[in-house]
Amino acid sequence: MAKPRLPEKRWTVDLEKRIQEAHYSDSGYDLRYGFNPDSGKEIFVIDTPPPYPSGTWHIGAVAQYSMIDVIARSQRLLGKEVFFPWGVDRNGINIEFTVEKKHGKKMRTYDRGDFIHLCRETIEEFTQAMRDTAARVGLSCDFAREYLTDSTEYRAVTQSIFSKLFKMGEIIEDLRPNIYDPVEKTTIADAEVERINRISKLVDIKWQTEDGEEVIISTTRPELICACGIVAVHPDDDRYSHLVGKKIILPVEVEGRDNFVNIVTHPSVKSEFGSGVLMVCSFGDQNDVAVFRELGLKPFQAIDLDGCMTSISGPLTGMKVKDARESVIESLEQQGRIHQIQEKEQEVPVSERGKNPVETILLKEWYVRQTHIQERMKEHIEEINFVPPRNKQFLLDWMQNISIDWPISRRRWYHTEIPIWYSEDESKVIVAPSGTYVQPWREEPPSGSDVLDRESREMLGSWDELKDDLGKVVGESKVFDTWMDSSNSNLFVSGYLNQPDVFDKAFPTSLRPQGKEIVRTWLYYTLLKSTLLLDKPGFSNVWIDGLGMDPWGRKMSKSLGNGIDADTVLECGASGRTGSWKIKGTDGKQVQLKANKIGSECFRLWKACDAQVGDDFHINPEEIEAKYFGVLTKLFNVARFASQFEVPDDLDSTPSHLNIEDRWILSEFSMCMSQVQENWSALDIYSATQALKNFGTGILPSHWLEMAKTRLYDGDQSAAWTIHRIVRDFMAAFSPVCPFFSHHITSTLYESSAVDVRKFPETPIVCDSDLCALSNSIQEFNSATWKQKKDAGLSLNAPIEGISIPTDLVDFTDVLTAMHKLE
RNA sequence: GGGCCCGUGGUCUAGUGGUUAUGACAACGCCCUUACAAGGCGUGGAUCACCGGUUCAAAUCCGGUCGGGCCCA
C-alpha cells in the first residue's frame with residue numbers, strides 16, 4: 001500500500017484547532033474573505049446580527065451564526081462578492097447594569113462622562129471574548145472592517161437618520177403613557193418588563209354614588225384613586241345596570257380635579273373579580289391605558305419621575321408609592337370605608353434587570369410614527385424572499401398588533417444621544433447636520449446645524465446665523481432606545497451616507513439573517529426605517545431561523561438551569577478533554593450528558609444537517625457527536641484512501657477513456673452537485689448538506705469505491721482521475737459547511753484550498769441519465785449479494801457461486817464479477 | 001386570556017393529495033474485507049397524537065379535542 005499523503009488516521013479536534021489558528025493568523029485572510037466592492041462581481045451584503053457582548057455567547061446564537069457563515073461561504077463559492085461584516089452591538093442598559101454591579105454604585109451617582117468611560121472600558125473586555133468565539137466557530141467575517149454600534153461613525157448614522165426623519169415629520173414628541181422604572185429613572189420597553197408573583201393586599205373600598213348608594217370596588221392600587229378617570233362595570237352585569245350613567249364620588253381627598261367620575265360599561269371588566277366594579281386609573285395597568293385611550297379620557301399624572309405622588313393626591317403628595325398606599329388604607333379605615341382586605345398572590349410587573357415594580361405614567365417622549373405606513377410596508381414586504389416562507393407570518397402577525405407609535409427616547413446614558421437642542425423659550429429646536437456625532441448634554445450645537453420650529457418643523461434658518469436670537473439653548477439629555485441603533489445595521493453595512501457609490505449597488509441589502517425571536521423588534525424596525533426613509537424594502541432575502549432549545553425542547557435559560565455554554569461544545573475533544581454537561585431535565589432531576597469530541601466542524605455539520613431552517617432545534621451534545629462525528633470520519637477516510645493514489649496531471653479536463661463504473665459514479669456525482677448548487681443559491685443549507693452527506697457517506701464509498709478498489713491498486717488512470725476529481729470538487733461544495741476540514745484535505749492533496757474556490761465546480765463532467773437510472777439496481781444487487789454471502793456464512797471477500805447478474809446491469813458484468821468474486 | 005407554530009419507529013428527522021412512509025442515532029445479528037472497529041454489512045421496529053369531515057385516494061386539506069413550544073396581554 002502506498003503511503004497516504006493525509007497522514008492522520010482520522011479527523012480530530014486538535015487538528016481542527018491547528019488548521020484554524022493558522023487560518024486566522026494568515027496574512028492572506030483579508031484577501032480571502034475581505035470585501036472588495038470594486039471587484040465587478042455581483043455584490044452580496046449580509047446584514048449580520050451584531051451580537052451584544054455579555055460574557056459568554058449563547059450556544060443557540062453561535063449555532064445560528066455558524067449557519068450565516070455557511071451562507072456567506074456558499075455565496076462566495078457561487079462567485080458573488082460577499083460582504084460578511086463583523087459588528088458588535090454595544091449600546092444599551094445591560095452594560096450600564098454590569099458597570100453598576102461591578103462597582104456597587106448606581107449610574108446616577110457618577111458624573112455622566114466618567115460613567116460612559118467606565119462602560120466603554122468594560123464592554124471592550126467582553127467584545128474581545130466575542131471575537132475569539134467568532135473565530136473558534138469558523139466565521140469568515142471581514143474582521144478588519146469591524147463596526148461597533150457605539151462608535152462615532154455608527155452613532156453619527158443613527159443621529160443623521162433621526163434628524164432626517166424629524167425634518168420629514170416622521171418623528172414627533174408627545175406626552176403619552178410609558179412604562180417607567182422609578183428606581184433606574186428611565187422609560188423602558190415592553191420587552192424589558194418581567195412579571196413576578198408577589199403577595200399584595202386586595203382592598204375592598206366603599207364608594208358612594210351621587211344618590212348616596214354604596215358601591216364596593218376592589219383594588220390593589222388604592223393610592224391611584226386620585227387618578228381615577230372612570231368607573232366601569234360589565235355590560236351584561238345586571239347587578240349594576242341601574243348605576244350606568246350616574247356619577248360616583250371618589251372616597252379620598254384630591255386636589256385640582258373633580259372629586260367624582262362617571263360610571264360606564266366596558267367589556268374588559270371581569271364581573272367575577274372582586275365586586276365586579278372596576279376603577280380605571282392613569283395608570284394601574286395596560287388595560288387602564290387602553291380604556292383611557294378608547295374613551296378619549298384625559299389622563300392624570302399621579303406619580304412623578306422620582307416615584308412620588310403628585311399634588312393631585314392631596315394629603316399623599318410627595319410620598320413614595322408604597323408609603324402612599326399604606327397611608328391611604330389607614331385613612332380609609334379610619335373613615336370606615338374599608339369593607340375588607342385580603343392578602344392575595346398577584347402578578348406584579350417589574351423591570352427585567354432591577355426587579356423594581358414599574359409604573360405606567362405620562363411622559364413627554366420622542367416617537368417614530370408608524371401606524372400610518374403599515375400598508376406601504378406590507379407592499380414592500382411582498383417583494384422580499386423569506387426563507388423559510390412561513391416565517392414571514394411572524395412579521396405580518398406582529399404588524400397586525402401595531403396600534404401606537406414607537407417610543408424611542410430613554411433616560412439612560414450609555415446609548416446614542418438624541419441629537420437635538422431647544423431654544424430658551426422651547427419653541428424652536430436645533431438639529432445637528434448630517435454625518436456628525438453629537439452629545440447635546442455636554443456640547444453646543446455644531447456649526448452647520450439647522451434651526452426649526454419645534455411644532456411645525458418649518459425650517460427657520462441656520463444655527464450659525466440665528467444662534468444669538470435663541471437665548472440659552474439646552475441640549476436634550478435623553479438617549480435612543482437601542483433598537484433605534486440596531487435597526488440601521490443594514491443601511492450602515494450597505495454604505496448608507498458613508499459610501500454612496502457602494503450603497504447604490506448594495507441596497508436593498510441582499511440578506512438579513514436572524515432568529516425568529518427578534519422579528520418584532522429588529523426586523524420590524526429595520527423595515528419600518530427603510531420604508532419611511534427610502535420607500536423601499538430593506539432586503540432582498542430574509543432568512544429566519546428558529547431558537548436553540550435544550551434537549552427536551554425548552555428554551556435555555558439561567559433560571560431553568562438548562563443552558564449550554566458554546567465554548568464547552570467547541571472545545572470538547574481538544575487536547576483529550578471530554579465534555580460533560582449537567583442539565584436539569586423535565587422532572588427537575590439533573591441529567592448528565594457526556595461527549596468525547598465535537599469541535600466546530602462537527603457542530604456546524606450538525607446544525608446544517610439536522611433540521612430545516614426556521615424550526616426550533618434541540619441542542620444535545622451527545623447527539624451531535626453520535627450522529628455527525630462519524631460522518632467526518634467517513635469523509636476523511638475516503639479522502640485519505642484517495643490520497644495514496646497519485647493525482648492525475650489534469651483534473652480539469654475529462655479523459656477520453658473512462659470505465660463504465662467511473663462514468664456511472666461521475667453521473668451520480670454530477671446530479672448531486674447540480675442539486676447542491678441549486679440549494680446553495682436558494683439559501684437551503686439543509687438540502688445542500690444532506691445531498692452531499694448522502695453521496696459522500698453512501699453511494700460513493702459503499703458502492704463505487706468497492707468496485708474501483710482493485711483497479712486503483714493496479715494503477716488504473718480512469719479510476720484515479722475519477723476519485724480525485726470527485727474528492728476535489730466535493731470538498732469545494734462542502735467547504736461552506738466544514739471549511740477547515742475541506743481546506744486541510746484539498747490543500748494537502750491538490751495544492752489549492754477548497755475555501756478559495758470562487759466558481760461552483762462545473763457540472764456535468766459526465767452526466768449520463770441512463771447510467772443514473774441503474775443506480776438503484778446496482779445498490780440492490782450489491783446488497784442482495786452481500787446478504788447472500790452473509791446467509792451462506794461467507795466473509796464478504798470470499799468467492800461465491802451461483803449468482804447471476806440482472807439483465808439491466810449487463811454492462812457491469814465484469815465489474816460486479818470482480819467486485820464480489822462471483823464464480 | 002389572545003395570537004402563531006409544532007405533534008411521524010425508543011430518540012431526532014424528511015415528506016403540503018397518489019406504489020410498500022425518508023434518513024440518522026440507538027437496539028439486535030454477523031464481519032478485524034490491503035481507507036475507516038471513533039469502521040463495514042445486514043435485521044427488526046411507526047395503525048404518521050386523538051376524533052370527525054372533504055376526496056376515487058389524506059401523514060398531507062378542513063373542523064374539533066388533547067399535548068408541547070414561542071410571543072403578546
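Atom-to-atom, CG of Asp545(A) to P of rG69(B) comes out at 20 Å; the value is rounded to the nearest Å. Ile179(A) places its CD1 atom 11 Å from the C1' atom of rA73(B), with the value rounded to the nearest Å. Rounded to a whole Å, the CD atom of Glu625(A) is 10 Å from the P atom of rA26(B). One can place CG of Leu635(A) at 11 Å from C1' of rC36(B), the figure rounded to the nearest angstrom. Atom NZ in Lys789(A) sits roughly 13 Å away from atom P in rG42(B) (whole-Å rounding). Taking atom OH on Tyr524(A) and atom P on rC72(B), their separation rounds to 16 Å, with Å as the unit. Rounding to whole angstrom units, CZ of residue Phe386(A) and C1' of rC4(B) are separated by 15 Å. Taking atom CZ of residue Phe695(A) and atom C1' of nucleotide rG23(B), one finds them 18 Å apart after rounding to whole Å.
Looking at the side chain of Lys693(A), the nearest of the listed nucleotides rA24(B), rG29(B), rC36(B) is rA24(B). Side-chain atoms of Lys790(A) lie closest to rG29(B) of the nucleotides rC72(B), rG29(B), rA24(B). Of all nucleotides listed (rC12(B), rC72(B), rC36(B)), rC12(B) comes nearest to the side chain of Glu623(A).
Side chain of Glu622(A) to backbone of Lys594(A): a donor-acceptor contact under 3.5 angstrom is found. Using a distance-only test at 3.5 Å, with no hydrogens or angles considered, no donor-acceptor pair links the side chain of Glu16(A) to the main chain of Phe740(A).
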>> Quick one, Asp545(A) with Lys607(A), criterion side-chain contact (heavy atoms from CB on, under 4.5 Å). Give me CA distance, side-chain angles, the key distance, then yes/no.
In response: CA-CA 11 Å; Asp545(A) 204 1; Lys607(A) 178 67 178 90; 2.9 Å; yes

> Checking side-chain contact (heavy atoms from CB on, under 4.5 Å) for the pair Leu712(A)/Phe641(A): CA distance, chi angles, key distance, verdict?
Replying inline: CA-CA 10 Å; Leu712(A) 282 165; Phe641(A) 175 71; 3.6 Å; yes

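The residue among Gln690(A) and Ser783(A) whose nearest nucleotide of RNA chain B lies closer to the 5′ end is Gln690(A). When each of Ala784(A) and Glu517(A) is assigned the nucleotide of RNA chain B bearing its nearest heavy atom, the one mapping closer to the 5' terminus is Ala784(A).
Note: Tyr750(A) and His724(A) have perpendicular aromatic rings, judged against thresholds of 30 and 60 degrees for the angle between ring planes. By the 30° and 60° cut-offs, the orientation of the rings of Trp483(A) relative to Tyr525(A) is tilted.
Note on Leu705(A): a base of the nucleic acid sits closer than 4.0 angstrom, heavy atoms only. Across all strands shown, Lys709(A) has heavy atoms under 4.0 Å from base atoms, whether or not it also approaches the sugar-phosphate.
Look at the C1' atom in both rG9(B) and rU47(B): the space between them is 12 Å, to the nearest Å. On the C1' atoms, rC36(B) is 28 Å away from rA14(B), given to the nearest whole Å. Spacing of P atoms, rC66(B) relative to rC50(B), comes out at 16 Å, to the nearest Å. A gap of 28 Å separates the P atoms of rC25(B) and rG18(B), to the nearest Å. For the P atoms, the distance linking rC51(B) with rU16(B) amounts to 24 Å, nearest Å. Nucleotides rU43(B) and rA59(B) have their P atoms positioned 26 Å apart, rounded to a whole Å.
For the atom pair CZ (Arg604(A)) and OH (Tyr628(A)), the distance works out to 15.5 Å, reported to the nearest 0.5 Å. Separating the CG atom in Leu6(A) from the OG atom in Ser643(A) is a distance of 4.5 Å, to the nearest 0.5 Å.
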Considering only nitrogen or oxygen atoms on both sides, find all protein atoms under 3.5 Å from nucleotides 37-40 of chain B and state each distance.
unit_1	atom_1	unit_2	atom_2	d
rG40(B)	OP1	Lys634(A)	NZ	3.3

Pairs under 3.5 Å (N/O, protein and nucleotides 14-17 of chain B):
unit_1	atom_1	unit_2	atom_2	d
rG15(B)	OP1	Gln612(A)	NE2	2.8

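With His703(A) as the partner, the ring pair (Phe, Tyr, Trp, His ring centres under 6.0 Å) test is satisfied by one option alone out of Phe781(A), Phe812(A), Trp786(A): Trp786(A). No option in Ile544(A), Ile384(A), Leu523(A) other than Leu523(A) meets the side chain to side chain contact (heavy atoms under 4.5 Å, CB included) test with Leu395(A).
The neighbour count for Gln592(A) CD, taken as heavy atoms of other residues, nucleotides or ligands under 6.0 Å away, is above 12.
Geometric assessment of Lys597(A) against the ring of Phe629(A) yields a positive cation-pi assignment under the 6.0 Å and 45° thresholds.
No side-chain heavy atom of Trp704(A) sits less than 4.5 Å from a side-chain heavy atom of Glu668(A).
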> Which dot-bracket string fits RNA chain B when only Watson-Crick or G-U wobble pairs with both atom distances under 3.5 Å count, crossing pairs get [ ], and | stands for a partner on a different strand?
Replying inline: ((((((((.[[[..)..(....]]].(((((.......))))).....[[[[[..)....]]]]]))))))).

